[in-house]
Structures are given as C-alpha cells and as structure tokens.
Participant: 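Here you go, one structure.
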Amino acid sequence: MARVAIVTGGTRGIGEAISLALQKTGLTVAATYAGNAERAEAFAARTGIAVYQWDVADYDACQAGCAKVAADLGDVDIVVNNAGITRDGTILKLSYDDWKAVIDTNLGGCFNMAKAVFPGMRTRKWGRIVNIGSINGQAGQYGQVNYAAAKSGIHGFTKALAQEGARAGVTVNAIAPGYIDTDMVAAVPADVLEKIVAKIPVGRLGQASEIARGVVFLCSEEGGFVTGSTLSINGGQHMY
Ligand SMILES: NC(=O)c1ccc[n+]([C@@H]2O[C@H](COP(=O)([O-])OP(=O)(O)OC[C@H]3O[C@@H](n4cnc5c(N)ncnc54)[C@H](OP(=O)(O)O)[C@@H]3O)[C@@H](O)[C@H]2O)c1
C-alpha cells in the first residue's frame, strides 16, 4: 500500500508543488489549508488529492486532523510542515498579536504536527518529517523579527527532533527556501522585490517546483541517511 503524506498548506504556493511532486512519486497525499476553501476545492478537483481544513497553530485540531487523515487514508508516514504566514513590521510597530500569530503558526505548527504523528512513526520504525524554514531564519531580515525567529526556531527544532527519531528510522530535515515566486512573495512591493532579485546570484526568483524536488529527495527511501540537515535552496543568496 502506498505511504501516506500530509502536506500542511499543501493547496497553493510551494505546498501545492510539494503535494503534486509527492503524488507523482506514488504516495497518497493529504493537503491541508487554513481558510481558502475556494483554492483548496479547485486544487482537489484538479489533482484528486484529498484536502483537509485545520489550523496548524491549534494543537487539538492537529491531533484530530491527523487522526482523520489516518482513518481516511491510512497511517501517516510523512509530514511536510509547510504552512506559514508573514506579518511583517519593525519591532517598533509589530503588535504582540502579530508576533504570536507568526510564532504559533510557523513554529508552533511544526510542534503540533510532530506531536500528532511522531509516536506512530517511531512505533512503525519509519517516518519522514520535512520542515520548511527560510533564508530569513538563517540570515535575519529587517522588519521580520517574528518570522525570522520562527524560522530560525524551525532549524533548531529539526536538529533536536532528528536526534530523537534517528534510531527509529524517522528522519527530520528542513529546507530553507530563498525567494520563491508565490503569493507570499507577490505581496512584497515591486521596488523592494527588484532589489531582492538583484541580490540573488542566479538572477531570478526560485520556482515552487525547485523546493518540491528537495522535499521528494528527503522523503524518499534513499534519503534515509540524511537527518538533522537543512537544505538551502536559494539561488546562492545565502551560503550557510
Ligand atoms: N514564498 C517564499 O519565497 C518563501 C521563502 C521562504 C520560505 N517560505 C515558506 O514556505 C512555506 C510556503 O510559502 P508560500 O509562499 O507557498 O505561502 P502561501 O502561498 O502564502 O501559502 C501558504 C499556505 O499555508 C496555509 N496556511 C497558512 N496558515 C495556516 C494555518 N494556520 N494552518 C494551516 N494552513 C495554513 C495556507 O492556507 P490557505 O490557502 O487556506 O490560506 C496556504 O495553503 C511557508 O512556510 C513560508 O514561510 C516561502
């Protein structure tokens, strides 16, 4: 029977590309989303991939959601923690709510999802967890103390959990994308984006499919010796 993978935020952007790439390898994929039902339903109709709505920042919702996926599709062997948000602002302007929302979604979501699936993976002696970090968690970014802290936290979380899973066949890795052509980056003002692209050695934004390719490798059988690593996919913008 095909292994089951959950991709959080898997219905659009980078997550959509990851869901499709994993499906192409023969996995049964469940893609989650937060609230954009229109995009999620169109995605499900187009791809045949099952979609589920829950908030990754909500611990109980992750427990219930993962249990529902397992009941519908089978034991969950792979989780890609891709769901993420930005709420940018310098610390002088950043509200506590915007700090908390970004930490709870980007970093808290990884914890909540791991709590739901890690015990089963350990028991079955096979699992793959891939956490989507960011170049801005590695290098920092003006106006993003919340996002940079959350993404940097993901990299530490990955290395710690990798140590807990290693003997049980559960690998835990991170991918740190640079600037990728998605809705999230489309929200950046054009003049700012132009300056960002000028600093990318390969001279362009990345494509979501280029991140998905890395995820496919980390989730493969042959990826079993790779754990606790962070794969930077950023066009050479930050060599870490
Ligand atoms: N784009 C980039 O250049 C870039 C660079 C580095 C890292 N990243 C990271 O890559 C990941 C994907 O980015 P993207 O650009 O593809 O983002 P995106 O286009 O904004 O899509 C975000 C996805 O996450 C879902 N989501 C957001 N909050 C959620 C929550 N609380 N619970 C469940 N799902 C939630 C969204 O669901 P709805 O559709 O329902 O809103 C959507 O499916 C994020 O973690 C982001 O931080 C992106």
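Numbering of ligands and ligand atoms starts at 1, following listing order. When reading the values below, keep in mind they use all heavy atoms of this one structure, side chains included, and skip hydrogens, waters and symmetry mates. Quick note: residue numbers are just sequence positions, from 1.
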Participant: Decide whether an N or O pair under 3.5 Å exists between V56 and ligand 1.
Facilitator: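 Between V56 and ligand 1, an N or O pair is found under 3.5 Å apart.
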Participant: For ligand 1, which is the ligand I care about here, please tell me if T32 has any N or O atom under 3.5 Å from one of the ligand's N or O atoms.
Facilitator: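 No, since none of the N or O atoms of T32 sits under 3.5 Å from an N or O of ligand 1.
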Participant: Keeping N82 on the side-chain end and I132 on the backbone end, is there a donor-acceptor pair under 3.5 Å?
Facilitator: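 Checking the backbone N and O of I132 against the side chain of N82, no donor-acceptor pair under 3.5 Å is found.
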Participant: Which donor-acceptor pairs under 3.5 Å do the side chains of residues 170-193 make with protein atoms, sequence neighbours left out?
Facilitator:
{"unit_1": "N173", "atom_1": "OD1", "unit_2": "G228", "atom_2": "N", "d": "3.2"}
{"unit_1": "N173", "atom_1": "OD1", "unit_2": "S229", "atom_2": "N", "d": "2.9"}
{"unit_1": "N173", "atom_1": "OD1", "unit_2": "S229", "atom_2": "OG", "d": "2.8"}
{"unit_1": "N173", "atom_1": "ND2", "unit_2": "V226", "atom_2": "O", "d": "2.8"}
{"unit_1": "Y179", "atom_1": "OH", "unit_2": "N136", "atom_2": "ND2", "d": "3.3"}
{"unit_1": "T182", "atom_1": "OG1", "unit_2": "M184", "atom_2": "N", "d": "3.2"}
{"unit_1": "D183", "atom_1": "OD2", "unit_2": "R12", "atom_2": "NH1", "d": "3.0"}

Participant: Between CD of Q141 and OH of Y147, what distance do you get to the nearest 0.5 Å?
Facilitator: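 OH of Y147 is found 10.0 Å from CD of Q141.
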Participant: Record the part of W54 in heavy-atom contact with ligand 1 below 4.0 Å; permitted values are side chain, backbone, both and neither.
Facilitator: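 Only the backbone of W54 comes within reach of ligand 1.
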Participant: For ligand 1, does N36 get within less than 4.0 Å through its side chain, its backbone, both, or neither, judged by non-hydrogen atoms?
Facilitator: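 The answer is both.
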Participant: Under 3.5 Å, side chain of R124 to main-chain N/O of V76, donor-acceptor pair present?
Facilitator: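 Confirmed, R124 side chain pairs with V76 backbone.
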Participant: Tell me whether Q53 reaches ligand 1 (any heavy atom closer than 4.0 angstrom to a ligand atom).
Facilitator: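 Contact absent.
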Participant: Please compare A187, G137, G84, A83 and report which has the shortest non-hydrogen distance to atom 34 (N) of ligand 1.
Facilitator: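 The option holding the nearest heavy atom is A83.
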Participant: What's the shortest distance from atom 29 (C) of ligand 1 to any protein heavy atom, and which residue and atom give it?
Facilitator: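 Result: A34 CB, 3.5 Å.
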Participant: May I ask you to identify the nearest protein heavy atom to atom 16 (O) of ligand 1, giving residue, atom name and distance to one decimal place in Å?
Facilitator: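 In this structure, atom 16 (O) of ligand 1 has I14 N, 2.8 Å as its nearest protein heavy atom.
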Participant: What residue among L73, L20, I6, L22 forms side-chain contact (heavy atoms from CB on, under 4.5 Å) with V29?
Facilitator: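 Of all the options given, the one that passes is L22.
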Participant: Quick one: does T11's side chain have a donor or acceptor within less than 3.5 Å of a partner on F43's backbone?
Facilitator: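 Side chain of T11 to backbone of F43, a donor-acceptor pair under 3.5 Å: no, none is there.
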Participant: Is Y33 close to ligand 1, meaning an N/O of one under 3.5 Å from an N/O of the other?
Facilitator: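 No: no nitrogen or oxygen of Y33 is under 3.5 Å from one in ligand 1.
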Participant: For F217, does its backbone N or O pair with a side-chain atom of S220 as donor and acceptor, under 3.5 Å?
Facilitator: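 Side chain of S220 to backbone of F217, a donor-acceptor pair under 3.5 Å: yes, one is there.
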Participant: Considering only heavy atoms, does D55 approach ligand 1 within less than 4.0 Å through its side chain, its backbone, both, or neither?
Facilitator: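 Both the backbone and the side chain of D55 come within reach of ligand 1.
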Participant: Within less than 4.0 angstrom of ligand 1, does G133 place any heavy atom?
Facilitator: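 So G133 counts as touching ligand 1.
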Participant: Note the single closest protein heavy atom to atom 1 (N) of ligand 1, along with its residue, its atom name and the distance in Å.
Facilitator: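 Protein heavy atom with the smallest distance to atom 1 (N) of ligand 1: T182 OG1, 3.0 Å.
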Participant: What do you reckon, does T8 put a non-hydrogen atom under 4.0 Å from ligand 1?
Facilitator: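 The answer is no, since T8 has no heavy atom less than 4.0 Å from ligand 1.
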Participant: If we only count N/O pairs under 3.5 Å, is I180 in contact with ligand 1?
Facilitator: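 Yes: some nitrogen or oxygen of I180 is under 3.5 Å from one in ligand 1.
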Participant: Below 4.0 Å from any atom of ligand 1, is there a heavy atom belonging to R39?
Facilitator: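 Judged by the 4.0 Å heavy-atom criterion, R39 does not count as contacting ligand 1.
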Participant: Identify which of P177, A176, A186, G35 has a heavy atom lying nearest to atom 40 (O) of ligand 1.
Facilitator: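 Shortest heavy-atom distance from atom 40 (O) of ligand 1: G35.
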Participant: For atom 20 (O) of ligand 1, state which one of E16, K151, R12 supplies the nearest heavy atom.
Facilitator: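 Closest candidate by heavy-atom distance is R12.
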Participant: Against ligand 1, does G178 come closer than 4.0 Å with any heavy atom?
Facilitator: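 Per 4.0 Å heavy-atom rule, G178 contacts ligand 1.
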Participant: Hey, could you give me the CZ/NZ distance between R87 and K100, rounded to the nearest 0.5 Å?
Facilitator: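 If we round to the nearest 0.5 Å, R87:CZ and K100:NZ are 13.5 Å apart.
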Participant: If you count every heavy atom of other residues, nucleotides or ligands that lies below 6.0 Å from R167 atom CZ, does the total exceed 12?
Facilitator: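 At most 12 heavy atoms, drawn from other residues, nucleotides or ligands, come within 6.0 Å of this atom.
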Participant: Name all residues meeting the side-chain hydrogen bond (donor to acceptor under 3.5 Å, both in side chains) criterion together with N106; count only those two or more places apart in sequence or in a different chain, and write none if there are none.
Facilitator: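 With neighbours one apart ignored, the set is K151.
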Participant: Which residue supplies the protein heavy atom nearest to atom 25 (C) of ligand 1, what is that atom called, and how far is it?
Facilitator: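 The closest heavy atom on the protein side is G9 CA, 3.5 Å.
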Participant: Output the distance between atom CG (N112) and atom NZ (K115), rounded to the nearest 0.5 Å.
Facilitator: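 One gets 10.0 Å once the value is rounded to the nearest 0.5 Å.
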Participant: Is there a donor-acceptor pair under 3.5 Å between the side chain of Q53 and the backbone N or O of A34?
Facilitator: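 Yes.
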Participant: Counting heavy atoms only, which of I18, N82, I132 comes nearest to atom 44 (C) of ligand 1?
Facilitator: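 Looking at heavy atoms only, N82 sits closest to atom 44 (C) of ligand 1.
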